[in-house]
Amino acid sequence: MSSPISPNLERIETDIITLTQSYGPRPHGSQAARLAAMYVRNQLIDAGWEPQFIHLAENIVSCKGMGTHLFLAHTDSVAQSPGVIDNAVGVSILLEIARQTTEPDLCLGFPAAEELGFIGSKYLSNQLHKWHPNPDELKLVMALDLTGYGSLSITGLGPLWNTSRLQWLYAHTQPHSPYAYQVVSNAFPHMERSDHGPFAAKGILSAHLLGRGPSGVFPEYHQANDRYYNIDAIAETFEALLAITEAEETVPDHQSILEPGLVFGQHVVPGWMVWTVLIFGIASGIWEFRQFKKLIPMLIHGLIATIFASIPMIVLTHGYFFEPSPAEITAQNVNGMPATGWWMGSTWVSLAGAVAWIAWRQKRQIRGPGALLSSLFTVGGLLFSPLFAFPFAIAAILHRLTPIAALLPAAYWLQPAILRELTFHGLVPPIFWGLFWLMAMPAIVVNSKDSPDA
């Protein structure tokens, strides 16, 4: 749904320039950070809002009406960066929302010290009763961080985002949501890494809007060259927020986390369909249950194949065969990840692992209950998240047609783009990339037919 209100892009750019050029880097506690906070306060007052400072001198929030929605954008940056994308653009978008929206029930928050561990937003969430007009009426928290480039994306779709809530969201705006983002947020909600996280930890429906470029990451993250933005991306984010605030329907009440929704493109796969696939995937292994004893040889050969595939992957990612990319240099500066060329070499790494794994599979000609193992992986995946288990269930179903179909989960996670993003965010160092081949164990068989000699 598109709003008839359009952003004043010239005014937004003025805000960005003021925050990043007039004040420059804005680490928490610095004079620049204090000036930026006062600038935000003055802009809110001029727009008719009544800002409050919560616990910290730079921690600002302001509400109107019942405050059913809370939008957040942190004002601080790291010391070495002017912080255009991280996070002057987000702040400027919210200031323009403040000037233009007629929504009577909205809160805008500008947390301090996000870069030091979400300190400002933790105070906001912990002291909700002190500043919110009616805490029980807060239905949705959206954090803007790393917006203003690429295409609008969303993460933080944790267990509270059931089918009905996702359908509500995608009826009003359609941010891109990669499957890997959904799995991480659903399985590990405590790992949220923006200002929405403290609210999500308290059981409040929360998410994170961000930009996602062609590489999947923001290569200038926390760097001195975080100086550029895309005006179309800014307009897209503004319109998405405005559509959410002006939605006629309220966010559906939470019913059950057992109603998982899966976003596929711009569509929401309903929870009943997710569970149908999971149940059929688990049931598909029952046909091979009498071959249960053959699981041990399968697991042994699958483990050997994983090691066999991991060796060339480790060599290629740690041998400095490829030129380090700017994203690698950023990852090295931010989280200490060695810049060995893993970014540029990821395609060859995945290919080398696949060739080694398939070569072992074809040489050994293993037979066994592959569908049964896929169904057991489905059950194991459910310990983390129904979304994580979903591709294993599909693999178990398709395994009845061809054993190689069981490669589906590993094939997804071993995509070069996925490996790069996981590493850039400090989740999976390149030395562990080969472990994803453990997901391919059900595909180690070349013949899984249920016959006496199988």
| query | Do His132 and Glu137 pass the side chain to side chain donor-acceptor pair (under 3.5 Å) test, and can you show the C-alpha distance, the side-chain angles, and the key distance before you say yes or no? | reply | CA-CA 9 Å; His132 197 281; Glu137 293 298 321; over 6 Å; no

| said: Val217 vs Trp343, test: side-chain contact (heavy atoms from CB on, under 4.5 Å). Steps then yes/no. | reply: CA-CA 12 Å; Val217 303; Trp343 183 280; 3.4 Å; yes

| request: Could you go through the side-chain contact (heavy atoms from CB on, under 4.5 Å) check for Leu407 and Trp437 one step at a time? | output: CA-CA 9 Å; Leu407 274 175; Trp437 282 106; 3.9 Å; yes

| field | Pair Val84-Ile16, side-chain contact (heavy atoms from CB on, under 4.5 Å): steps then yes or no | value | CA-CA 7 Å; Val84 170; Ile16 295 171; 4.3 Å; yes

| request: Check the pair Asp86 / His74 against side chain to side chain donor-acceptor pair (under 3.5 Å), numbers first and verdict last. | output: CA-CA 9 Å; Asp86 187 17; His74 69 88; 3.1 Å; yes

| field | Chi angles and distances behind the side-chain contact (heavy atoms from CB on, under 4.5 Å) call for Asp226, Thr20 | value | CA-CA 10 Å; Asp226 177 9; Thr20 61; over 6 Å; no

| side chain to side chain donor-acceptor pair (under 3.5 Å) between His208 and Glu192, intermediate numbers included | CA-CA 9 Å; His208 170 203; Glu192 294 303 320; 5.9 Å; no

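We find the CZ-CD distance between Arg41 and Glu50 to be 11.5 Å, quoted to the nearest 0.5 Å. Going from atom CE of Met313 over to atom CH2 of Trp433 covers 7.0 Å, rounded to the nearest 0.5 Å. For the atom pair CZ of Phe436 and CG of Leu422, the computed distance is 5.0 Å after rounding to the nearest 0.5 Å. The CD atom of Gln100 lies 6.5 Å from the CG atom of Asn8; values are rounded to the nearest 0.5 Å. The CG atom of Asn59 lies 9.0 Å from the OH atom of Tyr123; values are rounded to the nearest 0.5 Å. Taking CZ from Phe199 and CE from Met142, the interatomic distance works out to 13.5 Å, rounded to the nearest 0.5 Å.
Taking the six-membered ring where tryptophan is involved, the planes of Phe392 and Phe388 are perpendicular, since the angle between them exceeds 60° and thus also 30°. Using a 30° and 60° split on the angle between ring planes, Tyr412 and Tyr179 fall in the perpendicular class, above 60°. Between His425 and Tyr181, the two ring planes are perpendicular [angle over 60°; tilted spans 30° to 60°].
For residues 26-82, every residue pair satisfying the disulfide bond (SG atoms under 2.5 Å apart) rule, not counting sequence neighbours, is listed here: Cys63-Cys107.
Taking every heavy atom of both residues into account, Thr101 and Glu103 meet most closely at OG1-N, 3.0 Å. Shortest non-hydrogen contact noted between Leu56 and Ala112 is CD1-CB, 4.3 Å. Minimum heavy-atom separation, Pro324 to Ala339: CG-O, 3.5 Å. The minimum heavy-atom distance between Thr423 and Pro430, with the atom names listed, is CG2-CD, 3.6 Å. Nearest approach of Ser121 to Phe118, heavy atoms of both residues: OG-O, 3.1 Å. Nearest heavy atoms, Trp342 versus Arg420: CZ3-O, 3.9 Å.
The closest donor-acceptor contact from the side chain of Ser350 to the backbone of Leu414 lies under 3.5 Å. For the pair Ser125 (side chain) and Lys122 (backbone), a donor-acceptor distance under 3.5 Å is present. Using a distance-only test at 3.5 Å, with no hydrogens or angles considered, no donor-acceptor pair links the side chain of Thr147 to the main chain of Leu210. Gln80 places a side-chain N or O within 3.5 Å of a backbone atom of His222 that can act as its donor or acceptor partner. The closest donor-acceptor contact from the side chain of Glu259 to the backbone of Gly271 lies at 3.5 Å or more, if one exists at all. Between the side chain of Asn87 and the backbone N or O of Leu144 there is at least one donor-acceptor pair closer than 3.5 Å. Counting only distance, with no hydrogens or angles, the side chain of Thr330 and the backbone of Glu220 share no donor-acceptor pair below 3.5 Å. In this structure, Arg26 contributes its side chain and Pro82 its backbone to a donor-acceptor pair below 3.5 Å. Using a distance-only test at 3.5 Å, with no hydrogens or angles considered, a donor-acceptor pair links the side chain of Ser185 to the main chain of Gly156. Without hydrogens or angle criteria, Asp76 side chain to Glu115 main chain gives a donor-acceptor distance under 3.5 Å.
With contacts defined as side-chain heavy-atom distances shorter than 4.5 Å, the pair Leu95/Leu44 qualifies. Side chains of Leu106 and Phe71 form a contact here, defined as non-hydrogen atoms less than 4.5 Å apart. Side-chain contact between Pro7 and Glu239 is present, with at least one heavy-atom pair separated by less than 4.5 Å. Counting only heavy atoms from C-beta outward, the side chains of Phe188 and Leu427 never approach each other to under 4.5 Å. The side-chain heavy atoms of Trp168 and Leu140, taken from C-beta on, include a pair separated by under 4.5 Å. Contact check for His69 versus Val251: side-chain heavy atoms found under the 4.5 Å cut-off. Considering only heavy atoms from C-beta on, Trp161 comes within 4.5 Å of Leu169 through its side chain. Between Tyr170 and His267, the closest side-chain pair of non-hydrogen atoms is not below 4.5 Å.
With salt bridges taken as basic N to acidic carboxylate O contacts below 4.0 Å, none links Asp105 and Lys139.
Glu10 CD: 12 or fewer foreign heavy atoms inside a 6.0 Å radius. Within 6.0 Å of atom CZ in Phe53, more than 12 heavy atoms from other residues, nucleotides or ligands are found, so the atom counts as buried in its surroundings.
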